[in-house]
Protein chains: 2
Amino acid sequence: MTARKAQRTARLMHLLSERRVIHLSEAATLLGVSEMTVRRDIATNQGQIAYLGGHILAAAEIDADAPYELATAADSHAAAKREACAHAVRKIRPDETIFIDCGTTLIHLVDLIPDDYQITAICYAMNVAERLSRKANITIIMLGGVYHPASASFSGTHDFDILKSVGINAAFLSAAGVDAKRGATCEHFHEAVVKQKVMGLARENYLVVDSSKIGKLKRAFFAPMDGFDAVITEHGEASPDSF
Amino acid sequence: MTARKAQRTARLMHLLSERRVIHLSEAATLLGVSEMTVRRDIATNQGQIAYLGGHILAAAEIDADAPYELATAADSHAAAKREACAHAVRKIRPDETIFIDCGTTLIHLVDLIPDDYQITAICYAMNVAERLSRKANITIIMLGGVYHPASASFSGTHDFDILKSVGINAAFLSAAGVDAKRGATCEHFHEAVVKQKVMGLARENYLVVDSSKIGKLKRAFFAPMDGFDAVITEHGEASPDSF
DNA sequence: CAGCGTTTGTTAAATTCCTTACATTTCAGG
DNA sequence: CCTGAAATGTAAGGAATTTAACAAACGCTG
């Protein structure tokens, strides 16, 4: 965050303290930048500034249980993610236990689970848990630990005792990088630990990513491509060998 | 205004008291009418219901002059709870590790923690964690487990390994019932397990309740009065012996 | 039960918003 | 002064919202 951006944000907050709601276009004018910049400022400023259909308001205004609409972080490639998840959801049977990885991709999977499915879902990210809790008929198991704001997830530096006593039919993993040689990678090392642990326990492992991730390489390696039973993108299911 | 419309509006208001923001399309589905009808209901109801870019929210959220009845409707005795927490927050030192119980009471405690305090907070309820995550400088440790929608909390049927490796300076407990003879009680048995575990580990234990809880008795017992170092209500701090 | 005004639903067009991709600018380090 | 990364601007498409007009259903009244 540059000094200029911090200053813009501060000015915006000040404006919000006087007028509860400011329209995007007006804010852009007042701050002397483009609407796109204001948009981007807000996207990197969850928690303080809320954004709703073109209108900006102080996040404090909306403080109960944060509705997902207010998760202002830009969810890039959302359409592709949703489509990939539409393919992935077909892997779920109505009474199974599944693992759902953190990140924005698999949020869409949660939404797509049919309402009458009586599944048990294991997760370790707050936004995933929050989304799961909106659905009826789902038993949620959360892996706790220390919270990591960057991914809204928890890292169990301790043993995942609970995992040992749960049979996982299918694990749905996400990744920030997918590469034929270097396998699946993510941004944060603590995530990699959880992913690996789960992959060792699940009967089936599916990598669910939008195709923009293919060819990319991130810091934290967690599995080679042949560690997955299938790779699911917006184009459908593919064998991990085909990468 | 017809009776049916008044009823719809009341239902909508009730929905808003639970979920601060509802999308137009979702509201239409929940109310069993078309989006256009919801739109028209809102148009003739400015002042109570606000509408912004496809999203419905309580007018109190965005209108400074609007009455706060809405905000307090969902959380009874909110003012007393906030006051009790204002007393409780003084027990926290800037670098301590604290435990925060589930329920609506201690949400206020989170809000009242000074922003520059570098504390570590242990919790096991999703709404508490979510609220904690809004604050900078707080390290959050979450106890996972199976989710219980009624209290938004998790029950670790397994050992809380992580608790053993954390030193808890102060534990802030809430209760649904406080009685001189029968001690502190809550609604759910799984909560009692966590509370007892924590109370055994924390250096200081504070019971934070609004005074409406005094004299009440609930199903799940978790501690006798002398198990607490102090009982904090909206009237201030009191010795547990005084009950 | 016919008539009439009100409420509600449906559709289509106009507007606005969101995402993506790419061009441009800025700025710090070499 | 050059270079590369980050920040910002621009534009196009697709998606969502808004508005308006009209049709259908409802409820009351005579």
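Quick note on labels: first sequence line is chain A, next is B, and so on, each numbered from 1. Values in this document were obtained by computation on a predicted structure and should not be read as measured data.
The shortest heavy-atom contact between B:I119 and B:D95 is CG2-N, 4.4 Å. Among all heavy-atom pairs drawn from A:I113 and A:I138, the shortest one is CD1-CD1, 4.3 Å.
Residue pairs meeting the salt bridge (Lys or Arg N to Asp or Glu O under 4.0 Å) criterion with at least one member in residues 98-109 of chain B, sequence neighbours excluded: B:D101-B:K195.
Residues forming a salt bridge (charged side-chain N to carboxylate O under 4.0 Å, His left out) with B:E187 (at least two apart in sequence, or on another chain): B:K218. B:E35 pairs by the salt bridge (charged side-chain N to carboxylate O under 4.0 Å, His left out) definition with nothing, not counting sequence neighbours. B:H190 meets the ring-ring contact (aromatic ring centres under 6.0 Å, His included) test with B:H148, B:H188; sequence neighbours excluded. With sequence neighbours excluded, no residue satisfies salt bridge (charged side-chain N to carboxylate O under 4.0 Å, His left out) with A:R40.
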Output one line per pair: protein atom, nucleotide atom from nucleotides 21-24 of chain D, and distance, for all N/O pairs under 3.5 Å.
none

For nucleotides 24-27 of chain C, print each protein N/O atom paired with a nucleotide N/O atom at under 3.5 Å, atom names and distance only.
residue : atom : partner : partner atom : Å
C:dT26  : O3'  : A:R4    : NH2          : 3.1
C:dC27  : OP1  : A:R4    : NH2          : 2.8

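Following rounding to the nearest Å, A:E234 (CD) and C:dT19 (P) show an atom-to-atom distance of 17 Å. One interatomic measurement links the two molecules: NE2 of A:H55 to P of C:dT16, which rounds to 11 Å at whole-angstrom precision.
Phosphate contact (OP1/OP2 of C:dT8, side-chain N/O of B:R8, threshold under 4.0 Å): present.
The side chain of B:S34 approaches C:dG9 more closely than any other nucleotide in the set D:dT18, C:dG9, C:dC18. With D:dT18, D:dT8, C:dT8 as the choices, the nucleotide that has an atom nearest any side-chain atom of B:R39 turns out to be D:dT18. Minimum atom distance to the side chain of A:V33 is reached by D:dG9, of the listed C:dG9, D:dG9, C:dC17. Checked against D:dT18, C:dT8, D:dT8, the side chain of B:Y51 finds its nearest nucleotide in D:dT18.
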Output side-chain donor-acceptor pairs under 3.5 Å for residues 228-236 of chain A, partner residues at least two apart or in another chain, one line each.
residue : atom : partner : partner atom : Å
A:D229  : OD2  : A:N205  : N            : 2.6
A:T233  : OG1  : A:H235  : N            : 3.1
A:E234  : OE1  : A:S211  : N            : 3.0
A:E234  : OE2  : A:S211  : OG           : 2.6

Kindly list each side-chain donor-acceptor pair under 3.5 angstrom involving residues 177-184 of chain A, sequence neighbours excluded, with atom names and distances?
residue : atom : partner : partner atom : Å
A:D179  : OD2  : A:K181  : N            : 3.0
A:D179  : OD2  : A:R182  : N            : 3.0

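Place B:G53 and A:G32 on DNA chain D by their nearest nucleotides, and A:G32 ends up nearer the 5' end.
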